[in-house]
Amino acid sequence: MTDETIFDKIIAKQISADIVYEDDQILAFKDIAPKAPVHYLIIPKKRIATLNDANPEDQVLLGHMMLTAAKLATEAGIAADGYRVQMNVNKGGGQVVFHIHLHMFGGRQLAE
Ligand code: AMP
């Protein structure tokens, strides 16, 4: 079992977050340090430390996270203009919180 992170506390509602979507599998909330006018994190409730730790059984869950990112971009009004979906993997990939999460951000012109 991987270590608990701050995202487990958000899932358990032990610390607050600005939640924009929740179901039995996933949670989405506003990033506390947004890189763009819209910046959400989409996380599974199941604890998976990095994408390297995901299994074939997580395939539907990962797809659900992706489709929810698109749905939330549409709801935020940024889907047509464009936005970015990103998952950082391990320290070299810029991952800081070791509970997988998709970043969905946009609302401004994104450079490289
Ligand atoms: P990463 O570098 O991909 O691991 O991204 C972690 C993200 O989590 C960063 O963009 C942080 O700003 C964000 N973050 C950390 N703590 C919180 C929190 N309590 N609520 C919302 N976002 C957070």
Side-chain angles (χ1 to χ4, degrees):
M1 193 53 153
T2 55
D3 293 340
E4 185 177 271
T5 70
I6 193 163
F7 289 175
D8 289 291
K9 291 192 166 61
I10 291 174
I11 292 165
K13 311 282 166 61
Q14 289 165 352
I15 65 167
S16 65
D18 199 341
I19 293 171
V20 293
Y21 178 79
E22 180 168 18
D23 62 26
D24 58 335
Q25 299 290 310
I26 66 173
L27 188 67
F29 50 94
K30 294 184 181 177
D31 196 293
I32 204 166
K35 291 187 165 66
V38 177
H39 187 169
Y40 299 162
L41 300 176
I42 298 105
I43 72 171
K45 290 187 172 176
K46 174 183 177 181
R47 195 186 298 164
I48 303 170
T50 80
L51 187 59
N52 294 337
D53 302 299
N55 295 311
E57 70 187 29
D58 300 317
Q59 192 165 325
V60 171
L61 178 63
L62 293 167
H64 182 41
M65 290 166 63
M66 289 291 282
L67 292 177
T68 299
K71 181 168 102 70
L72 293 174
T74 300
E75 287 175 7
I78 61 170
D81 267 359
Y83 59 99
R84 188 167 295 169
V85 176
Q86 177 175 312
M87 184 180 287
N88 300 327
V89 181
N90 270 335
K91 284 187 181 149
Q95 184 174 7
V96 173
V97 179
F98 285 80
H99 180 128
I100 62 166
H101 48 281
L102 284 181
H103 293 260
M104 188 285 283
F105 55 99
R108 64 170 170 82
Q109 180 61 49
L110 298 171
E112 186 199 335

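Start at 1 and go down the list; that is how both ligands and their atoms are numbered. Keep in mind it's a predicted model, so treat the numbers as computed, not measured. Hydrogens, waters and symmetry mates are skipped; everything else that's a heavy atom, side chains included, is used.
- In summary, the atoms of ligand 1 found under 4.0 Å from a heavy atom of H103, numbered by their order in the structure, are 1 (P), 3 (O), 5 (O), 7 (C), 10 (O).
- The shortest heavy-atom contact between G106 and A36 is O-CB, 3.3 Å.
- When each of L41, D18, I42 is checked for a side chain to side chain contact (heavy atoms under 4.5 Å, CB included) with F29, only L41 meets the rule.
- Using cut-offs of 30° and 60° for the angle between ring planes, the H39 and H103 rings count as tilted.
- In the vicinity of K30, heavy-atom distances shorter than 4.0 Å reach the ligand 1 atoms 21 (C).
- Remark: among candidates H101, H39, Q86, the nearest residue to atom 3 (O) of ligand 1 is H101, based on non-hydrogen atoms.
- A 6.0 Å sphere centred on CD of Q14 holds more than 12 heavy atoms belonging to other residues, nucleotides or ligands.
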Evaluation steps, side-chain contact (heavy atoms from CB on, under 4.5 Å), between F98 and N90: CA-CA 8 Å; F98 285 80; N90 270 335; 3.4 Å; yes

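- From the protein, the heavy atom lying nearest to atom 2 (O) of ligand 1 is G94 O, 2.8 Å.
- In the vicinity of F7, heavy-atom distances shorter than 4.0 Å reach the ligand 1 atoms 8 (O).
- Near N88, the atoms of ligand 1 lying under 4.0 angstrom from a non-hydrogen atom of the residue are 1 (P), 2 (O), 3 (O).
- Taking a 6.0 Å sphere around NZ of K46, one finds it holds more than 12 heavy atoms contributed by other residues, nucleotides or ligands.
- When the heavy atoms of I6, I43, D31 are ranked by distance to atom 7 (C) of ligand 1, first place goes to D31.
- Note: an N/O pair closer than 3.5 Å links V96 and ligand 1 by distance alone.
- For ligand 1, the atoms closer than 4.0 angstrom to any heavy atom of A33 are 12 (O).
- Side-chain contact annotation: Y83 with D81, donor-acceptor N/O pair under 3.5 Å absent.
- Protein heavy atom at the shortest distance from atom 23 (C) of ligand 1 is I32 CG2, 3.5 Å.
- Within the listing of ligand 1, atoms 4 (O), 6 (C) sit less than 4.0 angstrom from a heavy atom of V97.
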Derivation and outcome, side-chain contact (heavy atoms from CB on, under 4.5 Å), residues M87 and Q95: CA-CA 8 Å; M87 184 180 287; Q95 184 174 7; over 6 Å; no

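- Considering both main-chain and side-chain atoms, Q95 never comes within under 3.5 Å of ligand 1 through any nitrogen or oxygen pair.
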